[in-house]
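Contents: one structure, followed by commentary.
Reckoned from all heavy atoms, side chains included, excluding hydrogens, waters and symmetry mates. A, B, ... follow the sequence lines: proteins, then strands. Residue 1 opens every chain.
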Amino acid sequence: MQLKIRLFGITKDIIGQTWTSVDIPEQAKVQDLLQNLKNTYPGLTKLHSVLVAVNDEYAKPDVTLNPNDEIALIPPVSGG
Amino acid sequence: MIALTDQPINKEEVIAAVQSDGAGAVNVFIGTVRNNTQKKPVVRLEFEAYESMAVKKMQELADMASERWPVLKVAIVHRTGVLPIGEAAVVIAVSTPHRKASFEACEFIIDTLKEIVPIWKKEIFEDGEVWVAAHP
């Protein structure tokens with residue numbers, strides 16, 4: 001299945017665009033997506049942390065992803 | 001009032017949003033753009049937000065504070081875009097019947113905002129730029 005991933009902050013700079021697309025097996029979990037992206041973009045492994053948000057909520061590594069989910073990479077936040 | 005804005009934050013409006021006849025205290029926190037980080041001069045900041053999630057998380061902060069303290073009203077407004085030195089990046093106002101709870105609730109909101117709300121700050125220096133807190 002094809003997943004579209006929104007990118008923010010430094011992940012946008014590392015991947016070089018505001019969206020990326022990942023081709024991943026059906027039933028893939030958050031941890032599979034992160035591994036896939038870290039393999040493709042080793043710069044992500046140098047970050048303090050990278051979390052995944054699914055439908056506006058932080059998602060644990062074992063959450064299963066669906067093609068119509070809104071998915072985003074969340075590098076360390078620094079608001080305020 | 002829970003909002004993101006790319007315009008200068010109207011502080012009076014944020015304070016007015018928490019006015020309540022039952023309030024004995026209104027506590028306001030204003031986070032501003034400092035002209036240096038670890039003694040290195042900063043030219044300006046740029047804030048980027050994952051807007052839908054950031055607003056949702058800011059609302060959760062207001063709800064959490066209201067569960068823990070006798071909060072009457074909460075307002076949280078965060079700025080996005082390019083901010084010059086001295087500008088307000090975030091304004092938080094909390095009204096409570098007595099002052100102690102207003103300080104505690106306000107501090108809780110800004111501390112937790114910095115941990116969980118998906119907003120990112122880039123520091124721009126004379127000779128480069130860096131996303132804050134990205135690297136260990």
Measure [X] against the heavy atoms of chain A and call it side chain, backbone, both or neither at under 4.5 Å.
{"X": "B:Trp131", "result": "side chain"}
{"X": "B:Lys56", "result": "side chain"}
{"X": "B:Tyr50", "result": "both"}
{"X": "B:Val132", "result": "both"}
{"X": "B:His78", "result": "side chain"}
{"X": "B:Glu46", "result": "neither"}

Looking at [X] and [Y], does any basic side-chain N land under 4.0 Å from a carboxylate oxygen?
{"X": "A:Arg6", "Y": "A:Glu70", "value": "yes"}
{"X": "A:Glu57", "Y": "B:Lys57", "value": "yes"}
{"X": "B:Glu123", "Y": "B:Lys121", "value": "no"}

### Query
If you tally heavy-atom pairs under 4.5 Å against chain B, which of A:Leu47, A:Thr11, A:Asp13, A:Ile10 wins?
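Most pairs with chain B among the choices: A:Ile10.
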### Task
Could you have a look at A:Ser49, A:Pro76, A:Ala53, A:Ala72 and say which one has the most heavy-atom pairs with chain B under 4.5 angstrom?
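Option with the top pair count is A:Pro76.
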Show me the donor-acceptor pairs within less than 3.5 Å that the side chains of residues 17-36 of chain A make with the rest of the protein, sequence neighbours left out.
| from | atom 1 | to | atom 2 | distance (Å) |
| --- | --- | --- | --- | --- |
| A:Ser21 | OG | A:Gln2 | NE2 | 2.8 |
| A:Asp32 | OD2 | A:Lys29 | N | 2.8 |
| A:Gln35 | NE2 | A:Asn39 | OD1 | 3.2 |

Taking [Y] as the starting point, is it possible to reach [X] by hopping between hydrophobic residues whose side chains are less than 4.5 Å apart?
{"X": "B:Met58", "Y": "B:Ile15", "result": "no"}
{"X": "B:Phe108", "Y": "B:Leu72", "result": "no"}
{"X": "A:Ile14", "Y": "B:Trp120", "result": "yes"}
{"X": "B:Leu61", "Y": "B:Val14", "result": "no"}

### Query
Would you say B:Gln59 and B:Val55 make side-chain contact, with heavy atoms under 4.5 Å?
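No, their side chains stay 4.5 Å or more apart.
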### Query
Which atom pair, heavy atoms only, marks the closest approach of B:Ala62 to B:Ile2?
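Nearest pair, atom of B:Ala62 first, then B:Ile2: CB-CD1, 4.0 Å.
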### Donor-acceptor contact present, side-chain B:Lys73 to main-chain B:Gln19, <3.5 Å
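Side chain of B:Lys73 to backbone of B:Gln19, a donor-acceptor pair under 3.5 Å: yes, one is there.
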### Task
Determine the option with the most heavy-atom pairs under 4.5 angstrom with chain A, choosing from B:Ile116, B:Thr32, B:Leu45.
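Among B:Ile116, B:Thr32, B:Leu45, the one with the most close pairs to chain A is B:Ile116.
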### Query
When heavy-atom pairs shorter than 4.5 Å are enumerated against chain A, which of B:Pro118, B:Ala49, B:Ser52, B:Ala54 gives the highest number?
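The answer is B:Ser52.
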### Query
So which bits of residues 82-104 of chain B come within less than 4.5 Å of chain A, counting non-hydrogen atoms only?
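Near chain A, by residue number: B:Ala89, B:Val90.
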#### Entry: chain B contact via A:Leu7 - which portion, at a heavy-atom distance below 4.5 Å
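Just the backbone, heavy atoms under 4.5 Å.
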